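The next block holds one structure in the form of structure tokens; read it before the comments.
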Amino acid sequence: MAKPIFQRPKGTADLLPQQTEQWQHVEGIARLLFGDYGFKEIRTPHFENFDVFSRSAGDTSDVVTKEMYDFYDKGDRHMALRPEGTAGIVRAYVENKLYGPEFDKPYKAFYIGPMFRYERPQAGRFRQFHQIGAEAFGAVSPALDVEIIAMAVDFFKTLGLKNLKVAINTLGDKTSRDAYRQALIDYLKPHFDELSHDSQERLEKNPLRVLDSKDPKDQIFVADAPSILDYLTPESQNHWQRVQELLTALDLDFEVDTSMVRGLDYYNDTIFEIMTADESLKGSATIAGGGRYSGLVEQFGGPETPGVGFGIGVERLIGLLEAQHVTFKNDNDLDFYVVNIGDDTDTIATQIVQAIRSYGYMAERDYLARSPKAQFKSADRGHAKFVVTIGEQELANHSAKLKNMLTGQQLDVKLADLYTDLPTIITTEAEEE
RNA sequence: GCGGUAGUGGUGAAGUGGUUAACACACUGGUUUGUGGAUCCAGCAUGCGAGGGUUCGAUCCCCUUCUACCGCCCCA
């Protein structure tokens with residue numbers, strides 16, 4: 001028995017034709033739909049200078065501290081495989097001066113591609129995974145936040161997903177968040193000893209993280225913790241208000257979840273997640289996450305430019321589609337199968353399949369000199385609509401047999417007609433049924 | 001990074017410290033030697049993730065390792 005010598009790297013997957021069809025379908029819809037919203041595709045490198053990610057994501061974020069897939073190249077440059085899409089897009093935005101006056105604002109871009117995170121694989125979590133994301137730069141309007149959310153929801157609905165939940169929250173602007181952060185620390189400090197070990201650490205580094213702790217010990221305190229909503233500056237309050245009004249105006253259901261926090265440090269004001277209410281995918285229920293950010297473009301050397309965006313996890317999305325049995329029909333059935341009998345018919349069989357394909361039909365043949373029976377079985381497995389049979393006799397007569405696999409009827413066809421008039425032959429054949 | 005469960009053919013799987021590793025599906029061939037989806041017959045793991053060890057003997061026991069899955073952390 002053959003044993004494979006190599007295995008694919010941990011946490012990666014081979015996508016086989018059975019899967020790639022679904023992937024292409026999903027990606028195709030994204031391209032089409034995002035285009036309707038005025039988003040154009042940007043493709044950036046799959047790896048960047050390490051600092052592109054470490055600076056944008058925040059030095060304390062887990063993505064940077066332990067999940068970065070980084071390496072030193074032969075020129076001793078510290079590089080990293082992109083863990084998410086936004087940083088690369090922002091880098092490209094600045095480097096290509098897309099903030100220039102010749103471009104409309106907001107500048108809208110989307111991306112589709114692999115992302116890498118060095119972590120322990122599980123269902124719905126891989127070392128190489130894929131995201132479909134969108135970013136819009138250069139407008140602070142809450143209408144843009146809402147458009148981004150609406151576009152993601154539109155995308156999922158177009159794919160046929162059900163049971164979606166949109167959760168939104170605001171992180172406020174920097175002033176709001178600093179005030180809130182302090183309030184949170186003041187509130188939690190007295191209970192320090194009663195918090196979970198993880199949360200004790202979070203309190204120092206990123207107190208907001210305590211809010212979405214799953215530990216019951218923490219949740220007791222989280223329930224009565226101060227809310228960010230009470231610390232918003234008037235501007236942030238306004239923005240937050242307006243986002244909700246606009247979502248409501250679009251009849252888009254949402255839930256406010258004030259305990260929601262995002263993993264990357266650059267977010268402010270609106271943040272959101274789209275998840276499934278299905279029980280089936282517990283660990284990977286969140287299929288999209290995003291929000292508004294500011295300061296990123298400046299950090300990369302560009303002019304002060306706000307941005308909003310989201311990232312969708314393709315593996316999780318497709319997992320959900322499967323769980324919900326959302327199917328899409330893909331016609332892979334063969335139009336023709338060419339059965340050839342005897343060594344002398346190999347050449348003519350080659351000519352016939354090519355001729356059939358030149359009409360745009362899907363055609364297949366046998367390459368293994370198998371018995372007619374075996375070839376018919378292949379035809380059947382490919383759900384061929386017609387079988388063209390050519391043997392010594394037919395070859396001598398310059399003809400072939402054409403069998404309708406549905407009706408089982410078979411007739412003789414002149415080879416000349418087959419080459420020149422195939423579509424007519426099969427439509428006539430169909431009408432005779 | 002931590003904790004746990006698992007790993008038998010193309011697939012789903014049964015199984016035991018000891019001569020030929022069930023069964024099913026799939027596949028291949030045959031069943032009037034040129035025709036499909038049915039039936040019947042036959043074939044199909046020198047091997048039980050990999051590497052060591054214990055043993056007269058291991059797929060079954062022990063160790064290591066790899067991978068997958070689950071939980072934590074975190075996230076898409």
Side-chain angles (χ1 to χ4, degrees), chain A residues 1-13 57 60-68 82-86 113-133 152 196-199 201-202 205-206 209 212-215 260-264 273-276 281-290 310-320 334 337-342 345 366 368 370-395 400-410:
Chain A
M1 177 197 57
K3 279 263 191 294
I5 295 170
F6 296 113
Q7 277 180 306
R8 62 179 180 264
K10 191 186 183 84
T12 63
T60 62
S61 69
D62 276 39
V63 169
V64 171
T65 55
K66 59 178 205 187
E67 293 172 5
M68 200 80 96
R82 36 132 98 147
E84 52 95 30
T86 304
M115 304 294 162
F116 308 83
R117 252 115 107 158
Y118 195 91
E119 52 179 348
R120 189 81 167 264
Q122 277 174 39
R125 187 197 298 181
F126 308 92
R127 288 194 171 176
Q128 174 173 339
F129 61 103
H130 297 76
Q131 284 192 341
I132 298 177
S196 68
H197 177 71
D198 285 326
S199 285
E201 278 185 14
R202 285 189 275 239
K205 281 162 45 180
N206 192 346
R209 287 237 144 271
D212 65 358
S213 167
K214 290 177 193 86
D215 196 313
M260 183 170 67
V261 185
R262 304 251 65 222
L264 306 167
E273 284 184 8
I274 301 176
M275 51 202 103
T276 174
L281 299 173
K282 349 154 207 181
S284 52
T286 303
I287 51 177
F310 63 70
I312 294 167
V314 181
E315 281 82 357
R316 290 183 180 182
L317 169 58
I318 284 176
L320 231 198
L334 282 173
Y337 191 95
V338 177
V339 170
N340 73 100
I341 305 157
T345 56
D366 172 76
L368 306 172
R370 288 139 80 219
S371 68
K373 183 191 178 77
Q375 296 188 47
F376 267 85
K377 279 192 173 180
S378 287
D380 203 51
R381 200 179 344 182
H383 302 113
K385 297 179 189 71
F386 295 95
V387 168
V388 173
T389 306
I390 180 110
E392 318 281 333
Q393 300 158 27
E394 290 84 357
L395 186 57
K401 293 244 167 31
L402 178 68
K403 183 170 186 176
N404 181 323
M405 293 298 275
L406 217 65
T407 63
Q409 286 178 351
Q410 183 166 271

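So that the names make sense, note that chain A is the first sequence line, chain B the second, and so on, each numbered from 1. Owing to the predicted nature of the structure, the values given are computational and were not obtained by experimental measurement. Because only heavy atoms are used, hydrogens play no part in the values below, and waters and symmetry mates are left out as well, while side chains stay in.
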From C-beta outward on A:K401, which listed nucleotide comes closest to its side chain: B:G34, B:G36, B:C72?
B:G34
Pairing pattern in dot-bracket form [Watson-Crick, G-U; both distances under 3.5 Å; | = partner strand] for RNA chain B:
((((((((.[[[..)..(....]]].((((.........)))).....[[[[[..)....]]]]])))))))....
Mind checking side chain to side chain contact (heavy atoms under 4.5 Å, CB included) for A:K373 and listing every partner two or more places apart, or none if nothing turns up?
A:S371, A:K377
Polar pairs (N or O, both sides) under 3.5 Å between protein and nucleotides 41-43 of chain B?
none

Side chain to side chain donor-acceptor pair (under 3.5 Å) filter on A:E315, not counting sequence neighbours, yields A:H130
Taking atom P in both B:U46 and B:A22, what distance in whole Å separates the two?
12 Å
Under 4.0 Å between a side-chain N/O of A:K377 and OP1 or OP2 of B:G36, yes or no?
no
Using the P atom as the reference point in each nucleotide, state the distance between B:C62 and B:C69 in Å, no decimals.
25 Å
Report yes if a side-chain nitrogen or oxygen of A:R370 is closer than 4.0 Å to either non-bridging phosphate oxygen (OP1 or OP2) of B:U28; otherwise report no.
yes
Under the salt bridge (charged side-chain N to carboxylate O under 4.0 Å, His left out) test, residues paired with A:R370 that sit two or more places apart
A:D366
Determine the Euclidean distance between corresponding P atoms of B:G71 and B:A14; express it in Å to zero decimal places.
24 Å
For atom CG of A:N340 and atom C1' of B:G34, their distance in whole Å:
11 Å
Tell me what A:I341 touches on the nucleic acid: a base, only sugar-phosphate, or nothing, going by heavy atoms under 4.0 Å.
base
Side-chain N or O of A:R125 closer than 4.0 Å to phosphate OP1/OP2 of B:C72
no
From the set B:A76, B:C74, B:U31, return the single nucleotide nearest to any side-chain atom of A:E67.
B:C74
If you go through the side-chain atoms of A:E119, does one of them form a donor-acceptor pair with the base of B:A76 closer than 3.5 Å?
yes
Applying side chain to side chain donor-acceptor pair (under 3.5 Å), can you list everything that pairs with A:S199, at least two apart in sequence or on another chain?
A:S196, A:R202, A:D218
Taking only residues two or more places apart in sequence, or in another chain, which ones meet A:R8 in a side chain to side chain donor-acceptor pair (under 3.5 Å)?
none
Identify, with sequence neighbours excluded, every residue that meets salt bridge (charged side-chain N to carboxylate O under 4.0 Å, His left out) alongside A:K401.
A:E394, A:D412
Polar atoms only, N or O, under 3.5 Å: list the protein pairs with nucleotides 4-7 of chain B and their distances.
none

Given B:C74, B:A76, B:G1, the nucleotide with the shortest approach to the side chain of A:R209:
B:C74
Rounding to an integer number of angstrom, what distance separates B:G53 and B:C44 when you compare their C1' atoms?
34 Å
Which nucleotide, B:G36, B:G30, B:G34, lies nearest any side-chain atom of A:F376?
B:G36
Options B:G34, B:A68, B:A76, nucleotide nearest the side-chain atoms of A:E394
B:G34
Has A:K10 got a side-chain N or O lying under 4.0 Å from the OP1 or OP2 atom of B:U67?
yes
For B:U16 and B:C61, measure between their C1' atoms and round to the nearest Å.
13 Å
May I ask you to evaluate whether A:Q122 reaches the phosphate of B:G71, defined as a side-chain N or O under 4.0 Å from OP1 or OP2?
yes
Regarding the side chain of A:P372, the nearest nucleotide among B:A68, B:A76, B:G34 is B:G34
So, is B:G47 syn or anti if syn means the angle is within 90° of 0?
syn
Once side chain to side chain contact (heavy atoms under 4.5 Å, CB included) is applied, do any residues pair with A:I341, and if so which ones, sequence neighbours excluded?
A:V339, A:P372, A:T389
